[in-house]
Amino acid sequence: MMNIALFGPPGAGKGTQAKELSKYYNIPHISTGDILRYNVREGTELGLEAKVYMDKGELVPDDVLIGLIRNRLTESDCDIGYLLDGYPRTIPQADALTDILDRINKPLDAVINIEVNDEELVKRLSGRRSCACGESYHIMFNPPEKEGICNACGAKLYQRDDDREDVIRQRLAVYNEKTKPLIEYYEDADVLVNVNGADDVDAVFKAICNTMDQFK
Ligand code: ADP
Ligand code: AMP
């Protein structure tokens, strides 16, 4: 059983790596951003509430996310472990996660912090193209085989509303204020592992595997 959280600022490469890691280790990829976007597309009550915050580059309120992650982690596919992507993002979310994981007896093995500088993050996010299936590409750094089309499912790629430059800046500010303190939080809990996220996708994948292999 592997119980892992991928951590890092928006654009660090969490989703890109999580997709591959989930296949490679055969554990469920739980992206709160993907779950929220699915709900926005479907027009559910959760989606309507979340969209207001997402469009502004703000975090969706903690009580919403805590309920969502509690439900997801108690689904049966998580019996063999999980790979969190984009959760937790605040101290209250991390405290709630510890509680949930204690209760289901699946404490975190590692929180993998993917480190990338702000200038590179802006470049990555402004060139990102996304697919509804959860894949993401970059027009220069990681282009799809066929322009504008998802390699994995063949659907048309789109640019996320929150990948506009002004919203990107806001998301990075929110990260620095609310999410970055979790680095110290998980350092203190002795589960933090730093990975250099500035390398290419394959090199970052290998660096993460070095850590995850210890928990196979
Ligand atoms: P996150 O899920 O952390 O917000 P993504 O995985 O969506 O980030 O990656 C953000 C953008 O950067 C995407 O366009 C992706 O294709 C690109 N990207 C991801 N990893 C790398 C990398 N190692 N080098 C260059 N570009 C990358
Ligand atoms: P992401 O796909 O991880 O970049 O998330 C996109 C957006 O979804 C964020 O900017 C937030 O508005 C919202 N979101 C995703 N995960 C969380 C979370 N754990 N807490 C609060 N908001 C979240």
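Whatever order the structure lists ligands and atoms in, that order sets their numbers, starting from 1. Heavy atoms only: backbone and side chains are in, while hydrogens, waters and symmetry mates are out. The first residue of the sequence shown is numbered 1, and numbering continues consecutively from there.
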message = What I want to find out is whether Asp166 reaches Arg169 closely enough, with some N-O distance under 4.0 Å, to be called a salt bridge.
response = no
request  = Mark up the atoms of ligand 2 that fall under 4.0 Å of a heavy atom belonging to Glu58, in ascending order.
outcome  = 11 (C), 12 (O)
key: Proximity to ligand 2 by part of Leu59, non-hydrogen separation under 4.0 Å   = both
key: Numbering as shown, the atoms of ligand 2 that approach Gln93 to under 4.0 Å (heavy-atom distance)   = 18 (C), 19 (N), 20 (N), 21 (C)
key: Contact (N/O only, under 3.5 Å) between Gly11 and ligand 1   = yes
message = With respect to Gly13, determine whether any N or O atom, backbone or side chain, lies less than 3.5 Å from an N or O atom of ligand 1.
response = yes
query = Between Asp199 and ligand 1, which residue portion shows a heavy-atom distance shorter than 4.0 Å: side chain, backbone, both, or neither?
reply = backbone
inquiry  = If I apply the N/O under 3.5 Å rule, does Tyr137 come out as touching ligand 1?
reply    = yes
Proximity of Thr16 to ligand 1 by residue part, where a heavy atom lies under 4.0 Å = both
key: Identity and distance of the protein heavy atom lying nearest atom 24 (N) of ligand 1   = Arg124 NH2, 3.3 Å
query = Rounded to the nearest 0.5 Å, how far apart are CD of Glu177 and OG1 of Thr179?
reply = 9.0 Å
key: Residue pair Tyr82, Asn3: steps toward the side-chain contact (heavy atoms from CB on, under 4.5 Å) verdict   = CA-CA 5 Å; Tyr82 53 81; Asn3 305 328; 3.3 Å; yes
